[in-house]
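What follows is one structure encoded as structure tokens, with my remarks underneath.
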Number of protein chains: 2
Amino acid sequence: MADMSFQEFSGRVMVSVEELCRDYYRENRDLIRVKKEDVAVRNLVTIVNATIKLSCRMGFDAMSLRDLSRESGLSMGALYSYFSSKEDLLSIIQCHGQSAVERILRDNTRQESDTAVKLRNVIRTHLYLSELMSQWFYFFFMETKNLNKKYQKISVESELLTERIITDILDEGAKNGMFIIDNIQLTGSVIKAMMQDWYLKKWKYKQRNVSVETYAQFIIDVTESFIMKKT
Amino acid sequence: MADMSFQEFSGRVMVSVEELCRDYYRENRDLIRVKKEDVAVRNLVTIVNATIKLSCRMGFDAMSLRDLSRESGLSMGALYSYFSSKEDLLSIIQCHGQSAVERILRDNTRQESDTAVKLRNVIRTHLYLSELMSQWFYFFFMETKNLNKKYQKISVESELLTERIITDILDEGAKNGMFIIDNIQLTGSVIKAMMQDWYLKKWKYKQRNVSVETYAQFIIDVTESFIMKKT
DNA sequence: GTCTATATACCGATAGAC
DNA sequence: GTCTATCGGTATATAGAC
């Protein structure tokens, strides 16, 4: 099968902020004063998008709720119908956002018998998703330290989980003789580091007109030159 | 010559916050109310160290000057004898810190005729320095967006400069036939990304007992497997 | 369900005592 | 040179009108 293009990926994967907000709403009906689901979800989408946008520009802490009120078009009072504190808003986005990402990654990691193909697919899928949700990924990384300890732990586990997905494949390849790897954990770490650079330095790659497909192929080339048997 | 150890490096490179603060003091005698140089420099060191420490924990924006007062042991009033605003304090640390880093890198990049050796030295030097000053590097990265535009530009240029140091060597190696590189700029980007991971994810590597020497050698191995002629 | 107006607390910054 | 006390402003959060 030909390598998946970003266009194909973004057509297939519907990253739905609405779905994410609906999940949050249904799990917290009792805490949210607004009782009409469609109204609540629509406003939640607005709030979450505005928060991500402002936070990526100035940082979540520097963003005041007056800024958020202006950007979202909702009054201060209305905002507090949807969350109980500013800290709570941060936790909601982090927690529900990260689990949405994990679900999408899981759903889009097809079963694949060839270990090398599997690795390539995972790298592409991660990168394409981080392109679709670049502001979210940036937000997750930059705002971890503003979370309370409980949610910080969840955030760290999410970092380790994505690394684990990589290292599991590396491990399989090492066992079946397809890869030669001296240090699986460090190999996984640097693959993750290279993938992360895509959304942490988006300004740089955009300025240089590097497409996510070019970048993905490059990361795959670097990785394979390191772990594949030299012929 | 044998590869330099971190111990050797940290013995040779005196990263002196005092020196950095003295530079700042001498350039801004007129703005600083405290006139005894040794008193001023001593307190500046305390202030800068406390700022870095608190900012890495909670973020510069979330750190109040009352927090800084408590951590440094100086009163609010005393703090304002050393800088004119909170924003000013951030700029001082970013600007003087980054130029100190650039100077140290320049001073410690020995002339070297062998391109491959040169590349290895640069990777090691960058990583060892980012280990010595890990909180500073973390601070530089995380607090860029809180800077005003002028200093943001300086910060971006600093990012591009270190990448340029790498790509210049890659270019030389490509020209003299020592390296085979398809895309020099992207190669430089991912080398930088791998180096950056060392201080962005310090908690992870510490937890796993990965030493900076091990990490440096690993990055070098990954890089060389990608750019050296296969034999 | 959303608004305006307001309560309360803490922010950065400064004045003036010592 | 450093302190305490306090300023005005703005932050989060809420109460009550509509």
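Proteins get letters first, then strands, A, B, ... in listed order; numbering begins at 1 in each.
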Whole-Å distance, E37(B) CD to dG1(D) C1', equals 16 Å
Which one, dT2(D), dT2(C), dA11(D), comes nearest to the side chain of Y82(A)?
dT2(C)
Closest to the K86(A) side chain: dA13(D), dG12(C), dT2(C)?
dA13(D)
Can you tell me the distance, in whole Å, between the CG atom of L31(B) and the C1' atom of dA13(C)?
16 Å
Send over the distance from D61(A) CG to dT12(D) C1', rounded to a whole Å.
12 Å
Any salt bridge between R164(B) and D168(B), counting N to O under 4.0 Å?
yes
Rounding to an integer number of Å, can you tell me how far N43(A) CG sits from dT2(C) C1'?
9 Å
What contact category does S75(A) fall into here, base, sugar-phosphate, or nothing, at under 4.0 angstrom with non-hydrogen atoms?
base
Taking CG from N146(A) and P from dA11(D), how many angstroms apart are they, rounded to a whole number?
17 Å
Tell me which nucleotide among dT14(D), dC3(D), dG1(D) gets nearest to the side chain of K35(B).
dG1(D)
For the aromatic rings, using the six-membered ring if either is Trp, is the centroid distance between F6(B) and Y128(B) under 6.0 Å?
yes
Provide, to the nearest angstrom, the distance between the CE atom belonging to M63(A) and the P atom belonging to dT10(D).
18 Å
Report which part of the nucleic acid S81(B) touches: base, sugar-phosphate, or nothing (heavy-atom distance under 4.0 Å, all strands).
base
OP1 or OP2 of dA13(D) less than 4.0 angstrom from a side-chain nitrogen or oxygen of Y80(A), does that happen here?
yes
Can you check whether R66(A) has a side-chain N or O nearer than 4.0 Å to OP1 or OP2 of dA11(D)?
yes
Considering heavy-atom distances to DNA chain D, does K36(B) or L65(A) have its closest nucleotide positioned more toward the 5' end?
K36(B)
Would you kindly give the CG-to-C1' distance between L79(B) and dT4(D), to the nearest whole Å?
14 Å
With distance as the sole test, does K204(B) use its side chain to make a donor-acceptor pair with the main-chain N or O of W198(B) at under 3.5 Å?
no
Rounded distance in Å - CG (L68(B)) to P (dC10(C))
18 Å
5' precedence on DNA chain C between S64(B) and G77(A) (nearest-nucleotide basis)
G77(A)
Ring-face cation of K86(A) near F60(A) (centre distance under 6.0 Å, axis angle within 45°):
yes
Salt bridge E37(A)-R22(A), side-chain N to carboxylate O under 4.0 Å
yes
